[in-house]
Amino acid sequence: MCPMADPLVTVAELLAPAFAAVGGSGAEPVVRPSDRADAQANGALAIAKRLGQNPREVAETVLAAARPALLGVCSSVDIAGPGFLNLTFTNEFLAGQLTVAAADEHLGVRPARRVEHVVIDYSHPNVAKEMHVGHLRTTVIGDSLVRMLEFLGHRVTKENHIGDWGTPFGMLIEHMLDLGETTAASELSVGDLAGFYQGARAKFDADDVFKDRARQRVVELQRGDPETLRLWRILVAESTRYFNEVYHKLGVLLTDDDLAPESMYNPMLPVVVERLREAGLVQESDGAQVVFPPGYTNRDGEPLPLIVQNSVGGYNYATTDLACVVDRVERLNVDRMVYVVGAPQAQHLAMVFAVAEMAGWLAPPREAVHVAFGNVLGADRKMLKSRSGESLKLGELLDEAVERAGAAIAEKNPDLSGPERAAVARAIGIGAVKYADLSTDRIKDYVFDWDRMLAFDGNTAPYLQYAHARLCSIFRRAGIDRRGIAAGGSPFVVCEVQERNLALRLLAFDTAVWDTVDRYSPHRLCTYLFDLAQDFTAFYEYCPVLKADDDATRQSRLALCGITVRVLEKGLDLLGIIAPERM
RNA sequence: GCCUCUGUAGCUCAGCUGGAUAGAGCAUCGGACUUCUAAUCCGACGGUCGCAGGUUCGAAUCCUGCCGGGGGCGCCA
């Protein structure tokens with residue numbers, strides 16, 4: 001078993017036998033952070049309630065049993081209020097825990113007990129359609145979850161389920177023919193997907209001849225006509241190239257290897273329906289082939305179906321989503337499927353999962369999770385739009401972020417120049433956009449505000465990056481490699497209150513990461529990192545490092561800075577944010 | 001109509017699987033730079049946690065009802 005760095009986890013472990021002895025097998029210490037001490041254990045109250053005893057007396061009994069285990073760990077343990085155990089750690093214990101964390105490649109974060117194969121479904125842009133701010137959330141949240149799950153040791157499969165199939169492709173292909181293949185391709189590759197799509201749409205709506213051609217083309221596409229497929233592949237290839245440009249700007253992990261296009265599932269669609277039919281789940285309703293998962297009703301209170309084949313024999317996204325489930329279970333053998341998809345799809349996904357369960361494709365411990373998220377709003381609290389009222393192109397938004405960050409740097413630090421300034425502008429601009437998205441609870445809508453996200457104070461990426469840059473500066477001036485600092489010995493001396501607060505925060509990284517992953521809520525890690533940056537700057541203000549009074553203090557503070565910079569860097573990396581060395 | 005998410009300081013948000021006196025940041029006001037990056041720090045001000053009940057030793061947190069806002073509810077994805 002690997003040693004645990006987090007004092008709350010460690011002390012919970014130390015207290016567990018005493019609580020179990022007094023309260024029975026279900027009794028837990030319930031250790032939480034506290035304002036009045038370093039931690040409080042609330043478990044005695046639950047035991048008292050269950051046993052009908054006085055909670056303070058229960059706390060006394062538990063404490064008496066636990067005392068030996070806490071020797072050297074806690075400098076004081078008090079019973080307070082109705083029966084809390086207030087725990088204060090010894091500085092020596094904290095120093096020892098810091099040594100454990102510093103020696104750990106994972107900075108004290110416990111690896112997953114059981115390694116799972118997790119598939120994450122995110123980003124999913126549509127071919128020949130613009131990527132907009134709606135794609136920002138799924139892409140950034142998904143990317144962050146991939147990084148965290150991998151950090152915990154899971155095997156992660158990224159799936160970018162791009163929309164490359166469906167009736168719109170008839171008009172898109174015909175539009176491409178009208179423009180000429182090379183013109184069309186160049187229009188798409190420079191990223192004018194909105195113009196291309198709207199051009200096709202306008203003709204489709206206005207021109208009946210064009211409409212007929214488009215419909216005929218859909219038939220050819222579905223029939224597998226080679227020439228039509230060739231044209232279709234041009235659309236897909238040019239769009240994919242454009243998506244990759246946006247992904248590159250964003251700095252996310254997605255590559256072509258992660259593409260799981262809708263069309264990939266086409267051959268499976270009839271099979272899915274057939275298998276549902278064999279399982280006796282399919283009914284005909286108004287001419288369509290449907291499954292009725294229990295518990296869903298429409299607005300008239302009648303059972304609500306999941307339509308898997310429409311009345312003219314076509315398949316839809318429910319069929320495709322079911323095919324995905326089958327593919328992931330039977331081909332990839334995944335343990336967990338994570339869908340980073342907007343909140344409006346909640347009912348659809350719930351029904352798909354329900355049908356998959358009915359068919360026996362999805363059964364515990366295998367699980368499917370909908371990681372839902374809200375909208376990005378403008379200052380008017382409506383869906384974010386460009387000035388002209390069009391939907392905002394993601395690529396342009398990212399360019400603007402880098403531009404704004406560049407302007408800020410030019411003003412604040414004129415010494416940075418050339419390529420370094422450009423790189424820093426990118427790290428700050430993109431980091432700011434990502435952090436603004438990740439730092440609020442994903443289920444809620446948030447207001448997109450340039451000034452707030454790019455501010456260098458407050459809960460923003462630049463504030464965290466600035467703390468990181470100051471740390472790097474210390475090591476640069478000391479002429480020490482910050483990565484090699486903590487190796488060997490136990491240099492930590494926890495003394496000043498700022499050192500103590502920083503130490504406690506650093507040691508809570510484990511809990512912060514696990515809380516974040518357990519709830520698929522990156523904003524929890526953001527909150528932690530902001531707290532860490534604040535604790536560090538307080539330390540930085542009051543505790544000289546390079547000019548410390550004596551060498552032991554200097555060594556200890558350098559080592560403390562060494563873990564801080566690693567946690568900050570790793571934490572930001574888990575959010576997909578780059579921390580520049582200077583800014 | 002039913003389902004679902006949501007309502008916390010002037011503003012933007014944490015806290016929600018029950019714990020002690022509800023926390024940050026911004027803004028406002030007052031302090032701190034010949035100092036490891038002041039892009040910072042310290043302090044003050046600021047809240048009947050939408051409303052009303054209930055559960056209990058204890059509720060922002062759980063339950064019920066109501067009010068306000070968003071979303072979803074049969075052949076698009």
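The structure presented is a predicted model; accordingly, all values stated were derived computationally and were not measured. Within every chain, numbering begins at 1; the chains are lettered A, B, ... in the order of the sequence lines, protein sequences first and strands thereafter. Only this structure's heavy atoms are used, side chains among them; waters, hydrogens and symmetry mates stay out.
- The distance from atom CD of A:Gln309 to atom C1' of B:G74 is 15 Å, rounded to the nearest whole Å.
- For B:C76, the OP1/OP2 oxygens have no side-chain nitrogen or oxygen of A:His348 closer than 4.0 Å.
- In this structure, A:Thr537 contributes its side chain and A:Gln534 its backbone to a donor-acceptor pair below 3.5 Å.
- We find that CG of A:Leu304 is positioned 6 Å from C1' of B:C73, with the value rounded to whole Å.
- Among the protein residues, A:Ser285 comes within range of the nucleic acid bases, having at least one heavy atom under 4.0 Å from a base atom.
- Across all strands, A:Tyr446 comes closer than 4.0 Å only to sugar-phosphate atoms, never to a base (heavy-atom distances).
- For the pair A:Val433/A:Trp450, a side-chain contact is recorded, criterion being any heavy-atom separation below 4.5 Å from C-beta on.
- When the C1' atom is used for both B:G10 and B:G46, the distance is 9 Å, rounded to whole Å.
- Under the Watson-Crick or G-U wobble criterion, with both distances below 3.5 Å, B:C29 is paired with B:G43.
- Here B:C16 is the nucleotide among B:G58, B:C16, B:C75 with the atom lying nearest to any side-chain atom of A:Arg524.
- B:G1 atom C1' lies 13 Å from atom CD of A:Glu302, rounded to whole Å.
- Annotation: B:U28 and B:G65 have their C1' atoms spaced 40 Å apart (nearest Å).
- Comment: A:Glu403 does not engage A:Arg426 in a salt bridge, judged by the lack of any side-chain N to carboxylate O separation of less than 4.0 angstrom.
- When the nucleotides B:G18, B:A24, B:C16 are ranked by their closest atom to the side chain of A:Phe530, B:A24 comes out on top.
- Look at the P atom in both B:C13 and B:A52: the space between them is 25 Å, to the nearest Å.
- Nucleic acid contact class of A:Ala288 (heavy atoms, under 4.0 Å, all strands): base.
- Nucleotide B:A38 forms a pair with no other nucleotide shown, judged by Watson-Crick or G-U wobble geometry with both contacts under 3.5 Å.
- Comparing B:G19, B:C73, B:U6 by their closest approach to the side chain of A:Lys444 singles out B:U6.
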Shorter than 3.5 Å, N or O on both sides, protein versus nucleotides 33-39 of chain B: list them out with atom names.
| residue | atom | partner | partner atom | Å |
| --- | --- | --- | --- | --- |
| B:C36 | O3' | A:Arg477 | NE | 2.8 |
| B:C36 | O2 | A:Leu546 | N | 3.1 |
| B:C36 | N3 | A:Val545 | N | 3.0 |
| B:C36 | N4 | A:Tyr540 | O | 2.4 |
| B:C36 | N4 | A:Cys543 | O | 3.0 |
| B:U37 | OP1 | A:Ser473 | OG | 2.1 |
| B:U37 | OP2 | A:Ser473 | OG | 3.0 |
| B:U37 | OP2 | A:Arg477 | NE | 2.9 |
| B:U37 | OP2 | A:Arg477 | NH2 | 3.3 |
| B:U37 | O2' | A:Tyr466 | OH | 2.1 |
| B:U37 | O2' | A:Arg470 | NE | 3.0 |
| B:U37 | N3 | A:Met583 | O | 3.2 |
| B:U37 | O4 | A:Met583 | N | 3.2 |
| B:A38 | OP2 | A:Arg470 | NH2 | 2.3 |
| B:A39 | N6 | A:Met583 | O | 2.9 |

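- Nearest to the side-chain atoms of A:Thr440 among the listed nucleotides B:G74, B:U40, B:C13 stands B:C13.
- Rounded to an integer number of Å, the gap from CG of A:Leu45 to P of B:U17 is 17 Å.
- Between B:U40 and A:Gln534, no contact under 4.0 Å exists linking OP1 or OP2 to a side-chain N or O.
- Under 4.0 angstrom from either OP1 or OP2 of B:C75 there lies no side-chain N or O belonging to A:Ser311.
- B:U12 atom P lies 16 Å from atom CG of A:Asp441, rounded to whole Å.
- If you take atom C1' in B:G23 and the same atom in B:G68, they sit 26 Å apart, rounded to whole Å.
- With B:C16, B:G72, B:A77 as the choices, the nucleotide that has an atom nearest any side-chain atom of A:Arg519 turns out to be B:C16.
- Within 6.0 Å of CG in A:Asp380 there are more than 12 heavy atoms belonging to other residues, nucleotides or ligands.
- Within the nucleic acid shown, A:Asp515 has no heavy atom closer than 4.0 Å to any nucleic acid atom.
- If you take CD of A:Gln345 and C1' of B:G71, they are 11 Å apart, rounded to a whole angstrom.
- Remark: the A:Asn42 side chain and the A:Gln40 side chain contain an N/O donor-acceptor pair separated by less than 3.5 Å.
- The side chain of A:Asp286 approaches B:C75 more closely than any other nucleotide in the set B:C57, B:C16, B:C75.
- B:G74 is unpaired under the Watson-Crick or G-U wobble criterion, no partner having all donor-acceptor distances under 3.5 Å.
- For A:Thr527, the side-chain atoms get nearest to B:A14 when compared with the rest of B:G19, B:C73, B:A14.
- In the displayed structure, A:Met383 atom CE is contacted under 6.0 Å by at most 12 heavy atoms of other residues, nucleotides or ligands.
- In terms of position along RNA chain B, the nucleotide closest to A:Ala538 lies nearer the 5' end than the nucleotide closest to the other residue of the pair A:Pro305 and A:Ala538.
- Remark: C1' of B:C13 and CG of A:Leu525 are 17 Å apart, rounded to the nearest angstrom.
- The aromatic rings of A:His161 and A:Tyr265 sit tilted, their planes meeting at an angle between 30° and 60°.
- Heavy atoms of A:Ala80 sit under 4.0 angstrom from at least one base atom.
- As rounded to the nearest Å, B:C3 and B:U55 have C1' atoms that lie 25 Å from one another.
- Among the protein residues, A:Val312 comes within range of no part of the nucleic acid, since none of its heavy atoms lies under 4.0 Å from any strand.
- Between A:Pro293 and A:Met358, the closest heavy-atom pair is CA-SD, 3.7 Å.
- Pairing for B:G65 is with B:C51, a Watson-Crick or G-U wobble pair whose two hydrogen-bonding atom distances lie under 3.5 Å.
- A:Asp531 has its CG atom 13 Å from the C1' atom of B:C13, to the nearest Å.
- The partner of B:U12 is B:A24, by the rule that a Watson-Crick or G-U pair needs both atom distances under 3.5 Å.
- When each of A:Lys49 and A:Pro303 is assigned the nucleotide of RNA chain B with its nearest heavy atom, A:Lys49 is the one assigned upstream, toward the 5' end.
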Can you check salt bridge (Lys or Arg N to Asp or Glu O under 4.0 Å) on A:Asp205 and A:Arg201, steps first, answer last? CA-CA 6 Å; A:Asp205 290 339; A:Arg201 184 87 236 172; 3.5 Å; yes
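- Taking atom C1' on both nucleotides, B:A14 is separated from B:U61 by 14 Å, rounded to a whole Å.
- Among A:Phe353, A:Phe373, A:Tyr122, the one residue that satisfies the ring-ring contact (aromatic ring centres under 6.0 Å, His included) test with A:Tyr339 is A:Phe353.
- Listed nucleotides: B:G19, B:C13, B:G74. Nearest to the side chain of A:Pro82: B:G19.
- Here A:Arg277 pairs with A:Glu274 in a salt bridge; the nearest charged N to carboxylate O distance falls below 4.0 Å.
- Comparing the same atom, C1', in B:C49 and in B:A9 gives a spacing of 10 Å after rounding to whole Å.
- As rounded to the nearest Å, B:U6 and B:U17 have P atoms that lie 12 Å from one another.
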